[in-house]
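Small disclaimer: the values here were computed from a predicted structure and weren't measured.
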Amino acid sequence: MENPAAPVTPAVQPAPDKDAPLKEDIRLLGRLLGDVLREQEGEAVFEVVETVRQTAVRFRRDADPQAGAELTTLLHKLTRDQTISVVRAFSYFSHLANIAEDQHHIRRRRAHLMRGAEARQGSVGHALGKLHEAGVPRDAVENFFKDALISPVLTAHPTEVQRKSILDAEHDIARLLAERDLGLTPKEFKRNTQLLQARIATLWQTRMLRYSKLTVADEIDNALSYYRITFLREVPGLYDDIEDEIAARYDGGAPELHDAQFLQMGSWIGGDRDGNPNVNADTMRHALVRQSTTILDFYLEEVHALGAELSTSTLLVPVTPAMQALADASIDASPHRSDEPYRRALIGIYARLAATARELGVDHILRKEVGEAPPYLDAGLFAADLEVLAESLRANHGAVLVEPRLAGLKRAARIFGFHLASLDMRQSSDVHERVLGELFARAGAEQDYAALPEERKVALLLSELAQPRPLYSPYESYSDETNSELAVLRTAREIRQRYGSRAIRNYIISHTETVSDLLEVLLLQKETGLMRVSAASCDVMVIPLFETIPDLQRAATIMDEWMSIPLVAAFIEKQGRLQEVMLGYSDSNKDGGFLTSNWELYQAELKLVDVFAAKGVKLRLFHGRGGTVGRGGGPSYDAIRAQPPGTVNGQIRLTEQGEIIASKFSNPEIGRRNLELLVAATLEASLSPRPGDEASNGRLARFEAVMAELSERAYRAYRNLVYETPGFTDYFFSATPIAEIAELNLGSRPASRKSTRRIEDLRAIPWGFSWGQCRLLLPGWYGFGTAVSGWLAEGERPERLELLREMYHGWPFFATLLSNMDMVLAKTDLAIASRYAGLVADVELRERIFRRITAEHGETLRCLEAVTGVTERLAGNPLLARSIQNRFAYLDPLNHLQVELIHRRRKLGDNADPRVHRGIHLSINGVAAGLRNTG
């Protein structure tokens, strides 16, 4: 019996598990997948899957050699059909877990917003709050948004493993999972579960792999699906949010940013010819037709919907004279709408849009217009008509009617135009040299242009640029390559005339090594009417891409020489005293390793800032980042904020590649968040006050000096392993699935630039992809341990270690570098990697190289922990740590199965069963999904 006099001690309530809904969703999806597996494949297969999973978990958890032996025996015994079923089961579970995680991120974000909590780091509200506290005035913020250009550029690459059919099914599963948070009735809940199981069954019965190679047209359509899902609504919506945030943080109401275009989309798909023989003038035309169709379909749907919504009658509310004039000019003569000017005007706008669509190549318009009307000459006129409607509504008690749809549509017209996204052209400098060599020879100007020294090349190019006549003659015959390259540039001119100047405005030159590489593209533009010397006008900006370590080291010198040429200086003046430079993360990493690549990029940026400042030209950097950390991946927000001083200034473009596009933008809410991160980071990096006192500058100089030493040591260690170790190439081709990856029908681009086994010729993307598959992720960490331990050993260790800790805590560049490496190491698994090493037939080679890699891995971990003071991976990001840990249970079996299948395939060679090939490719898809970044 209780004592009523005893004091009552309140029970301590355990903190709620914020991840409980995520665990519940994963359990639900796993259970439904299990039910589908039982129903489709039978109980025996389900039991095999469970046995494989449990044994793999025991192998990881206990490092039990017995479990490893059991797993090997178990996998050897699987029939080919069983193997395919097991691989598919674990692959689909990876995909389903990704969906659950994405839904949980949305759930957590909404809970945060509903609590009215402070804006999260990475939001524009948080960035504006920091700037306001730092004393940055409102006019500086508004001017930033009026002048800025922040452009994610979608690219297609050979690591993209998702079929659109799979993406569509997964999008439906995500929608159904989100519905379960809405308070369904028991009957609705049951129905939702049934639909989820049906969609998962659809997934199981849908082919995960492509049997035919992906075409450029397929890549274009895949990319455009993300516009319909995310960009068309979320980009204009983000503009509106930013206006609201400025009004909330600063006095003076909402800013006037109606004509701002600070966030614009770019694309390489259909215009990137470098190493891809499938891209030409026809693919460029096709890209713009498809892009234009996508945006015009959207406009037509929205205008049609507005016509249904804006039923305002002049019998009740007046309109402005401009609005009345627009209605009177409409082709709509129905007496039933004589008092409904907005509907009449919108019927006329719809007819003009339909005419525009047909003129721009749209084949099918869903709703026939009432009658004929002239097409819009440009998207600005369409936006102006919409503004007439908006002004009339605001002036006549209808402001509330503008926001639901009209404001977003008007904003979209300004942002996307009729072209949707700017299509970049890209080609290798070697191709330009060959084309011009042929043109010079046919014209009798120079018989061996390629053999000329750089000074004579520059002189010849400048002389030819000053000539009014072209080199090309319609009466000469030229090689297919020359004809194709000239056709591309002529097509670019046609596209600009047809879709507007923003449709194509950049030409990227891969492998830029000299000033002549840039002048060659100017001359090719002159040959095709894109450049006019007499008017000092160049339609398409010539942009160098500096990729390798030597290229990065020469970048500032080349740009200094380039901008010193009077003709170029005149073009830059016409470009608003702005010049873009692209930096390649992938090839510099493959060339010099993770630490050196990042440092050389940082150094190149600082030198470029000095050169551009001396010339009085604004620098815009285009960051060619990939999915993995080794290729410049990692959180974009941190990466942008860690850029060297003076390198952002409101101008930044960056690539979004392959499967990363699906990860970031296949859900509209997550897509909005990722777009906001880009804007917030650029805003902070551009306007945040930076300490400029002597002490701060001196401290940074010390940091940079140490980093230079570390980079040199890491470079030697990496190059020694990859390029100087006898047999390393054989080890790489045996201990990773690179050969199998090359066979996949992933992207339209070949995996290698040349038909060799040389690592120098291998594309950086499949290089990183392969290391990710075997769970070593070597490009993201190798060399760091040797560099740090060697540097510490050559001085007073305590003092030097303290300096490294000071760099980690006080230098964003170094902190981001270590944070990204920490994430890579969290995904690295030597036990799994050792099973791939077992595929190397030469035992001595296998043990020698894997032992070196293992030793460097251990040294890297020890050095990272000594600098950060943290012994657990991702201690600062527990959500990601839990995510990675939770994935191992279904990711590890895929790796074990992949090794087994590769062993079978290589043993049997050409006699291997096609199901073995299919199983390998399925496992590649599943591991890529489980790691959530591949190349």
Task: Atom of Ala503, atom of Ile495 and distance for their closest heavy-atom approach - done: CB-CG2, 3.8 Å
Task: Qualifying residue for side-chain hydrogen bond (donor to acceptor under 3.5 Å, both in side chains) with Ser510, from Arg426, Arg273, Glu547 - done: Arg426
- [ ] May I ask you to decide if the ring planes of Tyr449 and Phe440 are parallel, tilted or perpendicular, using 30° and 60° as cut-offs?
- [x] tilted
Task: Value rounded to 0.5 Å, distance of CD in Glu520 from CD in Glu464 - done: 13.0 Å
Open item on the list: Does the structure place the NZ or CZ of Arg490 under 6.0 Å from the centre of the six-membered ring of Tyr472, at an angle of no more than 45° from the ring's axis?
Closed with: yes
- [ ] For Phe612 and Trp562, run ring-ring contact (aromatic ring centres under 6.0 Å, His included): C-alpha distance rounded to whole Å, both residues' side-chain angles, the deciding distance at 0.1 Å, then the answer.
- [x] CA-CA 11 Å; Phe612 275 66; Trp562 167 251; over 10 Å; no
- [ ] Identify whether the distance between the nearest side-chain nitrogen and carboxylate oxygen of Asp610 and Lys607 falls below 4.0 Å.
- [x] no
Task: Heavy-atom check, side chain of Tyr499 versus side chain of Gln291, under 4.5 Å - done: no
Open item on the list: Quick test of your reading of the model: are Arg442 and Glu438 salt-bridged, counting only N-O distances below 4.0 Å?
Closed with: yes
Open item on the list: I'd like to know if Arg505 and Asp539 make a salt bridge, using a cut-off of under 4.0 Å between side-chain N and carboxylate O.
Closed with: no
- [ ] Under the side chain to side chain contact (heavy atoms under 4.5 Å, CB included) rule, what do Leu675 and Phe665 come out as? Steps first, then yes or no, please.
- [x] CA-CA 9 Å; Leu675 292 168; Phe665 302 116; 4.0 Å; yes
Task: Of Val611, Leu578, Val609, Asn649, the residue whose pairing with Leu619 passes side chain to side chain contact (heavy atoms under 4.5 Å, CB included) - done: Val609
- [ ] Please tell me if the side chains of Gln603 and Pro644 come closer than 4.5 Å, counting only heavy atoms from C-beta onward.
- [x] no
Open item on the list: Return the CZ to CE distance between Phe813 and Met707, rounded to the nearest 0.5 Å.
Closed with: 4.5 Å
TODO: Work out which heavy atom in Ala642 is nearest to a heavy atom in Pro812; give both atom names and the distance.
DONE: CB-O, 3.7 Å
TODO: Give a yes or no on whether the backbone of Ile759 and the side-chain of Lys590 come within a donor-acceptor separation of less than 3.5 Å.
DONE: yes
Open item on the list: Could you check whether any side-chain heavy atom of Arg502 comes within less than 4.5 Å of a side-chain heavy atom of His419, counting everything from C-beta outward?
Closed with: yes
Open item on the list: Please check: side-chain N/O of Gln525 versus main-chain N/O of Val540, any donor-acceptor pairing under 3.5 Å?
Closed with: yes
Open item on the list: Quick one, Trp781 with Phe784, criterion ring-ring contact (aromatic ring centres under 6.0 Å, His included). Give me CA distance, side-chain angles, the key distance, then yes/no.
Closed with: CA-CA 6 Å; Trp781 56 267; Phe784 179 82; over 10 Å; no
- [ ] Could you tell me the separation between the CZ atom of Phe814 and the CG atom of Asn598, rounded to the nearest 0.5 Å?
- [x] 11.0 Å
TODO: Keeping the roles fixed (side chain from Gln467, backbone from Arg469), state whether a donor-acceptor pair exists under 3.5 Å.
DONE: no
TODO: Report yes or no: does Thr283 contribute a side-chain atom to a donor-acceptor pair with the main-chain N or O of Gly270 at less than 3.5 Å?
DONE: yes
Task: Check ion pair Arg719-Glu724 (N to O, under 4.0 angstrom) - done: no
Task: Side chain to side chain, Ser151 and Ile652, heavy atoms closer than 4.5 Å - done: no
Task: Tyr478 vs Ser473, side chain to side chain contact (heavy atoms under 4.5 Å, CB included): CA-CA, chis, key distance, verdict - done: CA-CA 10 Å; Tyr478 298 93; Ser473 169; 4.0 Å; yes
Task: Straight-line distance of Ile504 CD1 to Gln497 CD, nearest 0.5 Å - done: 11.5 Å
TODO: Could you tell me whether a side-chain N or O of Arg577 sits under 3.5 Å from a main-chain N or O of Lys615, the two making a donor and an acceptor?
DONE: yes
- [ ] Kindly assign one of parallel, tilted or perpendicular to the pair Phe622 and Trp268, based on the angle between their ring planes and the thresholds 30° and 60°.
- [x] perpendicular
Open item on the list: Hydrogens and angles aside, do Ser429 and His511 bring a side-chain donor and acceptor to less than 3.5 Å of each other?
Closed with: no
TODO: Grab the two heavy atoms, one from Val617 and one from Gln579, that are nearest each other, plus how far apart they are.
DONE: CG1-N, 3.8 Å
Open item on the list: How close do Ile558 and Thr514 get, counting heavy atoms only, and between which atoms?
Closed with: CD1-N, 3.9 Å
Open item on the list: Testing the 3.5 Å rule here: is there a donor-acceptor pair between the side chains of Asp591 and Ser588?
Closed with: no
Task: Derivation and outcome, side chain to side chain contact (heavy atoms under 4.5 Å, CB included), residues Leu439 and Leu524 - done: CA-CA 10 Å; Leu439 290 176; Leu524 289 171; 4.2 Å; yes
- [ ] Could you tell me whether the side chain of Asn278 and the main chain of Thr215 form a donor-acceptor pair under 3.5 Å?
- [x] no
Open item on the list: Determine whether Ile572 and Met563 satisfy the following criterion, side chain to side chain contact (heavy atoms under 4.5 Å, CB included), listing intermediate values before the conclusion.
Closed with: CA-CA 8 Å; Ile572 290 174; Met563 294 187 293; 3.6 Å; yes
Task: Closest heavy-atom pair and its distance - Ala685, Val648 - done: CB-CG2, 3.8 Å
Task: Check: Leu263 and Ile415 side chains under 4.5 Å, non-hydrogen atoms - done: no
Task: Side-chain donor/acceptor of Glu527 to backbone N/O of Leu471, under 3.5 Å - done: yes
Open item on the list: Just verifying a value: how many Å separate Arg285 CZ and Leu423 CG, rounded to the nearest 0.5 Å?
Closed with: 12.5 Å
Open item on the list: Checking the side chain of Asp560 only, and the main-chain atoms of Ala556 only, is there a donor and an acceptor separated by less than 3.5 Å?
Closed with: no
Open item on the list: Are Tyr226 and Phe231, when compared by the centres of their aromatic rings, separated by less than 6.0 Å?
Closed with: no
TODO: Decide whether Thr816 and Ser819 meet the rule of one side-chain donor and one side-chain acceptor closer than 3.5 Å.
DONE: no
Task: Non-hydrogen atoms of Pro779 and Trp767 that approach each other most closely - done: CG-NE1, 3.6 Å
TODO: Would you indicate whether the side-chain heavy atoms of Leu519 and Leu465 approach each other to under 4.5 Å?
DONE: yes
Task: Min side-chain heavy-atom separation Met582-Pro544 under 4.5 Å - done: no
Open item on the list: Taking the basic N atoms (NZ, or NE/NH1/NH2) and the acidic carboxylate oxygens, is any pair closer than 4.0 Å for Arg434 and Glu485?
Closed with: no
- [ ] In plain terms, say whether Arg716 and Glu712 are close enough for a salt bridge, that is, a side-chain N and a carboxylate O under 4.0 Å apart.
- [x] yes
- [ ] Please work out whether the ring planes of Phe732 and Trp771 are parallel, tilted or perpendicular, with thresholds of 30° and 60°.
- [x] tilted
Open item on the list: Is it the case that the ring center of Tyr507 lies less than 6.0 angstrom away from the ring center of His432?
Closed with: yes
Task: Heavy-atom side-chain proximity of Glu656 to Thr155 below 4.5 angstrom - done: no
Open item on the list: Within a 6.0 Å radius of atom CG on Asp480, are there more than 12 heavy atoms belonging to other residues, nucleotides or ligands?
Closed with: no
- [ ] Look at the side chain of Thr725 and the backbone N and O of Val722, then say whether any donor-acceptor pair between them is shorter than 3.5 Å.
- [x] no
Task: Test item: Gln447 side-chain N/O and Gly444 main-chain N/O as donor-acceptor pair under 3.5 Å - done: no
- [ ] Report the distance from atom CG of Asn589 to atom CG of Leu601, rounding to the nearest 0.5 Å.
- [x] 9.5 Å
Task: N-O pairing of Asp424 and Arg653 below 4.0 Å - done: yes
